[in-house]
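Working notes for the structure below.
In what follows, every heavy atom counts, from backbone to side chain, and hydrogens, waters and symmetry copies are set aside.
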Amino acid sequence: MHRPTIADTALAVILLLACVAVNSSDETASEPGALWWAAAVLATAAVALRRRWPAVMLAVCCAAAVLHLAGGMPLTIINLSVPILLYTVAVRHGWAKSLAVLAALLVLAVGSSTFAVRDAYPAPDGREAYPAPEGQRPPFPRPEPVPRPLPDGPVEQSWTIAWNDLPGLILILVAAWAIGSGTRSRRAYLAELRARAVDRERERGQQAVLAVAAERGRISRELHDVVAHGLSVMVIQAQGGAAALDNRPADTRAALEAIIKTGRDSLADMRRVLATVGEVDDAWHPQPGLAMLPALVDQVRETGTPVRLRIDGTTVTVPSAVDLSAYRIVQEALTNTMKHAGAGASADVVVAHATGSVEITVSDDGSVPAHHDGMGTGLRGMRERVRLLGGRFDAGPGPQGGFVVRAVLPVEERPT
């Protein structure tokens, strides 16, 4: 704010000093009076304050120019304040308002030129001029001029706006308005570009935040499924091994081997999850899918939970995202069975390949805990997986007891 004000003040001072220098060097011009200098000071102040009140300061500059003409003095450098203020109005105000101001100034200029036309004929060779007859304008018959001697001193010039000065004045005013209007359009265009850039940057930031949140949710779901299932199997195996330690050492040894294998598999799964975010270099290992369900079922059976697996329909190759999500849903559902269904519970896994979808149903015949509301972390993860793929998910107590998880995942079938 301070820099434009300083620049405008400097411009106003330069105009005033140039005006003083020009008037001092012109020996043929009449000496400006106090009123003329007062008008010049007003025009100078208007230039200095042009950004604050453009329209008002333009009116002040026009008034100063009129005062200069009324005093019979020339339009000099200080009167450039009028086109300067017109430029400022065109920059600061809309196209319609600035064009109306330009039209008013052009009317004022034409009016000043009209009233400046003398009501007398020029006297060639210094002869006395006769006034024009009432209500008439040349051409008409002139009376014979009366010769008179030329004056000894210089002839005083008329400094009013003549008709031959009007085109130049109009050109200056139109040029000032055109430059100001073009500057306003350019500034508006640049402001729009900056606003678009800010919007795009904000949108990129929002997309980055959403991407980070989605990736965090994905990693959380993957780690939960991997860790929860592995730890559940290991805990059950450890309990069985501890119970058989005294009487069945061979069973204890088998349980310990199962714990070791499960732990290694879980660590490998965790490495695959972390590999997707560049934490470790193990992305070459294939992701689990529907083809690995028999191995998953066998792992759960080793913990003492009977599981029956049935595949219905014609097996088709499904997208990797659907393949992984289907495996994780079955894995998490069986983990919940081991954790919550109670001793002696069994589970059924049914994978049905239909036209354009894969339907997964995991049910058990165990008891549902009284505090189970179907909104656990594992169920939320399964529901989110299905939502991201555009499928349907349902989980809750079965009609004949136990707990049922059902998910329908849309796929684009590609026959194997």
Side-chain angles (χ1 to χ4, degrees), residues 210-233 261-262 264-300 307 309-338 347 349-354 356-362 376-395 405-416:
L210 293 176
V212 169
E215 184 66 10
R216 184 183 295 116
R218 186 192 67 82
I219 296 173
S220 175
R221 290 191 301 272
E222 290 289 325
L223 290 178
H224 175 271
D225 294 345
V226 170
V227 173
H229 177 77
L231 290 179
S232 297
V233 172
K261 182 179 182 301
T262 302
R264 288 175 176 174
D265 292 341
S266 297
L267 288 175
D269 287 340
M270 291 181 62
R271 288 177 64 85
R272 284 195 296 271
V273 172
L274 296 177
T276 60
V277 292
E279 296 293 336
V280 294
D281 187 16
D282 195 27
W284 59 269
H285 199 287
Q287 293 283 354
L290 291 173
M292 299 181 65
L293 286 182
L296 175 65
V297 169
D298 290 340
Q299 186 183 49
V300 176
V307 180
L309 174 63
R310 188 173 83 246
I311 308 296
D312 295 338
T314 303
T315 303
V316 296
T317 302
V318 298
S320 58
V322 175
D323 203 25
L324 176 61
S325 296
Y327 178 88
R328 293 302 187 198
I329 290 172
V330 175
Q331 184 184 50
E332 180 59 27
L334 292 178
T335 301
N336 289 339
T337 298
M338 291 186 293
V349 177
V350 179
V351 178
H353 292 273
S357 66
V358 173
E359 182 176 349
I360 301 168
T361 304
V362 181
T377 303
L379 291 176
R380 285 199 301 269
M382 288 188 283
R383 183 175 288 106
E384 183 65 17
R385 288 181 184 275
V386 175
R387 185 190 67 81
L388 292 176
L389 293 174
R392 301 190 306 273
F393 179 81
D394 182 38
V405 173
R406 183 177 293 105
V408 178
L409 305 177
V411 297
E412 180 182 352
E413 292 187 359
R414 291 174 293 180
T416 57

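Checking each of Thr314, Leu290, Asp312 against His353 for a side chain to side chain contact (heavy atoms under 4.5 Å, CB included) leaves exactly one that passes, namely Leu290.
In this structure the side chain of Val405 never reaches within 4.5 angstrom of the side chain of Thr361, judged on heavy atoms. With a 4.5 Å cut-off on side-chain heavy atoms, Val386 and Ile329 count as touching. Between Arg310 and Val349, every side-chain heavy-atom pair lies at or beyond the 4.5 Å cut-off. Contact of the Gln331 side chain with the Pro288 side chain is not registered, since no non-hydrogen atoms from C-beta on lie closer than 4.5 Å.
From Leu389, atom CG reaches atom CD of Glu384 across 10.0 Å, with rounding to the nearest 0.5 Å. Separating the CG atom in Leu324 from the CE atom in Met292 is a distance of 10.5 Å, to the nearest 0.5 Å. How far OH of Tyr327 is from CD1 of Ile360: 12.5 Å, rounded to the nearest 0.5 Å. Here CG of Leu334 is found 10.0 Å from CD of Gln299. Values are rounded to the nearest 0.5 Å.
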Next on the checklist: Under the criterion side-chain contact (heavy atoms from CB on, under 4.5 Å), I'd like the reasoning laid out for Val408 against Phe393: C-alpha separation, chi angles, the key distance, then a yes or no.
Outcome noted: CA-CA 6 Å; Val408 178; Phe393 179 81; over 6 Å; no
Checklist entry - What's the verdict on side-chain contact (heavy atoms from CB on, under 4.5 Å) for Met382 and Asn336, showing C-alpha distance, side-chain angles and the deciding distance? => result CA-CA 12 Å; Met382 288 188 283; Asn336 289 339; 4.1 Å; yes
Checklist entry - After noting the C-alpha distance and the side-chain angles of Val350 and Leu309, does the key distance pass the side-chain contact (heavy atoms from CB on, under 4.5 Å) rule? => result CA-CA 6 Å; Val350 179; Leu309 174 63; over 6 Å; no
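For the residue pair Pro410 and Gly391, the shortest heavy atom distance occurs at CD-CA, 3.6 Å. Between Ala395 and Leu379, the closest heavy-atom pair is CB-CD2, 4.0 Å.
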